[in-house]
There are 2 protein chains.
Amino acid sequence: MTTIKFDYSPLTKFVHENELPEIQKMVTACDDELRHKTGAGKDFIGYVDLPVEYDHEEFDRIKKAAAKIRQDSEVFVAIGIGGSYLGARMACDFLNLNYGNWQKDHEGPIVLFAGNSISGTYLQEILDLIGDKSFSINVISKSGTTTEPSIAFRVLKKKLVDKYGKEEAAKRIYATTDKAKGALKTEADAEGYEEFVVPDAIGGRYSVMSAVGLLPIAVAGGDIDKLMEGFAAGREAYSNPDLSQNEAYQYAALRNILMRKGYNVEILENYEPSLQYLGEWWKQLAGESEGKDQKGIYPSSANFSTDLHSLGQYIQEGQRFLFETVVMVDHPKYDVEIPVEEEDLDGLKYLEGKNMNYVNEQAYRGVVIAHTDGGVPVMTIHIDQQDEFTLGQLVYFFEIAIGISGYLNGINPFNQPGVEDYKRNMFALLGKPGFEEQTNEIKQREGDFF
Amino acid sequence: MTTIKFDYSPLTKFVHENELPEIQKMVTACDDELRHKTGAGKDFIGYVDLPVEYDHEEFDRIKKAAAKIRQDSEVFVAIGIGGSYLGARMACDFLNLNYGNWQKDHEGPIVLFAGNSISGTYLQEILDLIGDKSFSINVISKSGTTTEPSIAFRVLKKKLVDKYGKEEAAKRIYATTDKAKGALKTEADAEGYEEFVVPDAIGGRYSVMSAVGLLPIAVAGGDIDKLMEGFAAGREAYSNPDLSQNEAYQYAALRNILMRKGYNVEILENYEPSLQYLGEWWKQLAGESEGKDQKGIYPSSANFSTDLHSLGQYIQEGQRFLFETVVMVDHPKYDVEIPVEEEDLDGLKYLEGKNMNYVNEQAYRGVVIAHTDGGVPVMTIHIDQQDEFTLGQLVYFFEIAIGISGYLNGINPFNQPGVEDYKRNMFALLGKPGFEEQTNEIKQREGDFF
């Protein structure tokens with residue numbers, strides 16, 4: 001059973017019927033590399049079987065920890081960056097768990113995210129928002145030494161210890177980290193924090209369905225059993241290498257076909273504001289997986305209809321190197337009827353008694369036709385609703401598609417060598433011990449830049 | 001006096017010294033078109049002199065209305081889309097007026113935005129958030145017939161009338177619309193709403209410093225006197241056509257030079273989460289102004305250091321058609337010291353006693369050098385702080401730069417013909433009276449797409 005439907009009907013103008021069959025052999029080869037873990041980045045392909053190969057004991061502990069936190073904390077701060085932030089944030093928004101955070105009658109804690117920037121202003125505001133409320137922390141870092149989360153953890157831990165004392169504070173710190181080694185693992189063992197595991201064989205941007213994402217999602221009120229069911233249904237639905245049978249592979253193949261025609265920028269779009277962070281999560285997944293060796297599709301995102309009154313002009317008539325992938329919710333959570341008015345000053349009488357979601361759907365259809373006419377290929381991923389089951393499937397859809405897509409482009413989709421470059425410079429500029437040589441070098445070059 | 005400093009030092013690798021002088025003549029010609037209002041879109045160049053030519057009586061009424069709303073409303077809903085949304089939203093975030101919205105001791109109303117999508121779920125959540133709180137509405141629409149804000153206005157007006165009765169409701173509706181004609185103007189006159197003007201000679205995306213943006217910003221607690229002072233300072237600072245004297249023109253010229261070398265995607269970046277919507281506002285300003293006639297730079301945005309762990313990989317090593325413009329805050333609002341710990345498990349001992357903003361600054365510097373080495377041109381707009389005066393200048397900087405930039409590219413930066421295409425299709429699909437012919441046409445084509 002799948003609650004997702006991929007539709008590329010509008011591509012007829014851009015992709016000939018023979019093109020998908022002609023790429024099948026390559027897709028099959030990539031599928032083989034991925035399934036048998038023989039391709040580039042083979043040590044990080046664990047996410048493919050994660051839906052059926054996860055630690056059930058830990059999964060139960062996640063639910064218990066979430067229940068405790070929902071009981072004893074008014075605020076919950078998830079500390080992480082990159083894959084240790086965007087997945088949980090995306091899921092909480094997607095499931096509409098966040099919007100009511102500040103409602104008086106909101107059940108469970110307010111979920112905040114920290115350690116996802118180096119802004120002192122942002123962290124100070126988090127401290128102010130916590131104020132004198134009861135709170136718990138989930139620090140998420142495989143190494144425990146990533147600069148952003150480490151700083152935020154020091155600061156928030158101090159607030160926790162000041163408030164509760166060292167012993168009680170330790171009971172309010174949940175560490176999601178390496179199973180065996182690293183700074184955070186060592187500290188968690190020594191202090192007795194409850195521990196969850198960032199799996200070895202899964203890279204950060206593919207980790208939302210591990211403890212990395214599951215604990216924050218569960219604390220926010222998400223049903224992680226249903227989420228895993230959907231994730232497993234995704235694995236079922238997208239396991240056949242035959243392009244005619246596998247919609248995730250169709251998406252992977254078509255975006256590669258389009259790229260080879262010069263469509264080098266993909267915009268992920270939605271018609272629901274709560275899907276904004278799906279775009280942010282996807283940009284990391286796609287961009288960090290494929291943007292290397294001077295190759296890859298540049299991932300961008302837009303929120304419609306908002307951005308139809310913004311980027312819409314560019315998409316319709318700007319340079320022609322764009323293509324669009326829409327994530328369309330077929331059955332949104334709520335709907336609102338357009339009220340009757342006596343006069344028809346605003347010209348909406350023809351819509352009276354109709355629902356907003358119906359209008360939204362026609363906007364989507366009008367855009368698909370207009371942008372196609374304007375020379376922009378559009379594909380759509382229809383999702384039934386914004387629930388946990390569908391989200392689990394959708395995550396699998398994108399993760400497996402991006403794995404295949406990277407391989408099709410001759411790219412290792414599971415490393416991120418370029419992320420180290422700025423870090424090396426930053427450590428050199430900060431005078432980090434061990435970077436003495438780089439510090440000398442960069443100090444000599446600095447004058448050319450600033 | 002200017003609190004903004006534009007720095008393009010890192011471009012030496014990409015732009016030769018002769019290139020700016022060589023484009024001076026064209027810049028001068030474009031400046032002439034803009035200042036004398038003789039160029040394309042000449043009826044929409046009013047923003048150039050808006051800092052000194054605005055309605056002072058209305059300005060005072062905006063402040064009075066804002067004071068009344070802050071007194072009598074727990075929630076304030078600004079209804080608008082595109083330029084009638086993004087400017088106010090950007091400013092409220094930039095000035096950090098929003099973060100405390102839900103704090104118990106927050107002064108003034110919670111500011112919400114509606115009419116910026118067609119999502120029934122989003123609007124229902126706005127209704128729920130208002131609940132039984134006292135509230136006022138600012139409906140912002142030149143025509144009064146734009147679909148998104150018109151629907152939201154009908155729904156929220158109904159809630160207002162149900163709660164307060166027709167007479168009191170009319171005192172809680174503020175209409176920002178055309179000065180003389182249109183649906184909303186007619187209704188406002190008939191019902192006695194307080195009215196503010198969307199100026200004729202200023203397009204939506206250039207309108208944040210008119211009543212369109214000023215009322216929501218003032219209600220949120222922004223000092224609009226200081227904002228206008230900064231806006232006027234921007235006009236002073238960026239009025240000289242000589243490139244060596246005008247940093248906004250330098251930015252305009254350099255982004256055109258880079259585009260002509262194949263750098264077709266510009267990423268606007270920040271190191272402060274509260275600048276996320278500066279990117280959204282800028283994307284409309286740049287993309288809607290320049291994305292036409294199959295030309296223009298595609299505008300994208302990123303939030304660092306968050307996205308250094310996401311898009312960062314692509315920027316460092318992906319396809320080489322990107323350039324970056326950073327908006328860097330030199331003196332952020334708050335700072336946080338990195339606490340001392342006994343042990344050095346996380347390896348942060350070398351940063352103890354240092355402040356986060358210092359680390360953030362080194363991250364920025366490290367990124368500039370790394371990305372330049374990776375083949376990505378980087379420019380920086382340094383802003384002194386996130387205050388009203390600086391924001392006013394920054395808005396002028398971008399608005400004048402984009403006007404010049406569009407002209408340099410042979411584009412009318414003041415129209416948006418492509419935005420109508422999807423609307424026409426949507427009206428046809430919805431069966432709007434007057435679109436019968438288009439309805440017939442599109443019904444015949446629909447099967448090819450869905």
Side-chain angles (χ1 to χ4, degrees), chain A residues 10 81-82 99 102 116-125 145 150 154 158 183 187 272-273 284 287-288 291-292 296 300 305-306 309-311 313-314 316-318 332-336 339 345-348 356-357 359-360 362-363 366-367 369-370 416 418-419 421-422 425-426 429-430 449, chain B residues 10 81-82 99 102 116-125 145 150 154 158 183 187 272-273 284 287-288 291-292 296 300 305-306 309-311 313-314 316-318 332-336 339 345-348 356-357 359-360 362-363 366-367 369-370 416 418-419 421-422 425-426 429-430 449:
Chain A
I81 196 162
Y99 101 94
W102 305 97
N116 51 356
S117 78
I118 322 179
S119 163
T121 303
Y122 180 82
L123 190 57
Q124 183 59 51
E125 289 178 344
T145 58
S150 295
R154 278 200 180 199
K158 184 169 181 304
E187 175 172 335
E272 292 291 338
Q284 184 192 9
E288 205 173 27
K292 54 198 72 159
S300 186
S305 65
T306 305
H309 300 249
S310 160
L311 288 176
Q313 167 64 37
Y314 193 105
Q316 188 71 50
E317 297 190 333
K333 187 169 177 185
Y334 301 119
D335 207 348
V336 173
L345 285 169
D346 58 9
L348 287 190
M356 287 181 73
N357 293 339
V359 179
N360 211 11
Q362 305 317 309
V367 169
I369 297 173
Q416 51 284 328
V419 174
D421 295 10
Y422 92 87
N425 290 345
M426 178 178 76
L429 288 163
L430 287 168
F449 289 89
Chain B
I81 196 164
Y99 101 92
W102 305 98
N116 52 355
S117 78
I118 321 178
S119 162
T121 303
Y122 180 82
L123 190 56
Q124 183 59 50
E125 290 179 343
T145 58
S150 295
R154 278 202 178 198
K158 185 168 181 304
E187 175 172 336
E272 291 291 337
Q284 184 192 9
E288 206 172 26
K292 53 198 73 159
S300 185
S305 64
T306 306
H309 300 250
S310 159
L311 287 176
Q313 168 64 37
Y314 193 105
Q316 188 70 50
E317 298 190 333
K333 188 169 175 187
Y334 302 121
D335 208 346
V336 174
L345 284 170
D346 58 10
L348 287 189
M356 286 181 73
N357 293 339
V359 179
N360 211 11
Q362 305 318 309
V367 170
I369 297 173
Q416 52 284 330
V419 174
D421 295 9
Y422 92 87
N425 290 346
M426 177 178 75
L429 289 163
L430 288 168
F449 290 89

Trainee: Which residues pass the side-chain hydrogen bond (donor to acceptor under 3.5 Å, both in side chains) test with B/Tyr422, not counting sequence neighbours?
Mentor: A/His309

Trainee: Which residue out of B/Gly82, B/Ala370, B/Ser310 racks up the most heavy-atom pairs below 4.5 Å with chain A?
Mentor: B/Ser310

Trainee: Which atom names give the shortest non-hydrogen contact between A/Arg154 and B/Pro339, and what distance separates them?
Mentor: NH1-O, 2.8 Å

Trainee: At a heavy-atom separation under 4.5 Å, does A/Gln284 approach chain B through its side chain, its backbone, both, or neither?
Mentor: both

Trainee: Could you have a look at B/Pro332, B/Gly296, B/Gly347 and say which one has the most heavy-atom pairs with chain A under 4.5 angstrom?
Mentor: B/Gly296

Trainee: Which bit of B/Lys292 comes within less than 4.5 Å of chain A, counting heavy atoms only: side chain, backbone, both or neither?
Mentor: both

Trainee: At their closest point, which heavy atom of A/Ser305 faces which heavy atom of B/Ser117, and how far apart are they?
Mentor: OG-CA, 3.6 Å

Trainee: Apply side-chain contact (heavy atoms from CB on, under 4.5 Å) to B/Ser300 and list each qualifying residue two or more places apart in sequence or on a separate chain.
Mentor: A/Tyr298, A/Ser300, B/Val265, B/Ile267, B/Tyr298

Trainee: Which distance, rounded to the nearest 0.5 Å, do you find between the CD1 of B/Ile369 and the CE of A/Met426?
Mentor: 13.0 Å

Trainee: What pair of heavy atoms forms the shortest contact from A/Gly418 to B/Gln313, and how long is it?
Mentor: N-OE1, 2.7 Å

Trainee: With chain A, which of B/Leu311, B/Leu123, B/Asp335, B/Leu430 has the greatest number of heavy-atom pairs at distances under 4.5 Å?
Mentor: B/Leu430

Trainee: Flag the one option from B/Val367, B/Thr145, B/Thr121 with the top tally of heavy-atom pairs under 4.5 Å to chain A.
Mentor: B/Thr121

Trainee: Any idea which of B/Asn357, B/Leu348, B/Asn116, B/Val419 has the most non-hydrogen atom pairs under 4.5 angstrom with chain A?
Mentor: B/Leu348

Trainee: I'd like to verify something: which residue of B/Ser150, B/Pro10, B/Gly120 has the highest number of heavy-atom pairs under 4.5 Å with chain A?
Mentor: B/Gly120

Trainee: How many angstroms lie between CE in A/Met356 and CD in B/Gln124, if you round to the nearest 0.5 Å?
Mentor: 10.0 Å

Trainee: Atom CD of A/Glu288 and atom CD of B/Gln316: how far apart are they, to the nearest 0.5 Å?
Mentor: 12.0 Å

Trainee: Pick one: which of A/Thr306, A/Val359, A/Val336 meets side chain to side chain contact (heavy atoms under 4.5 Å, CB included) with B/Ile118?
Mentor: A/Val359

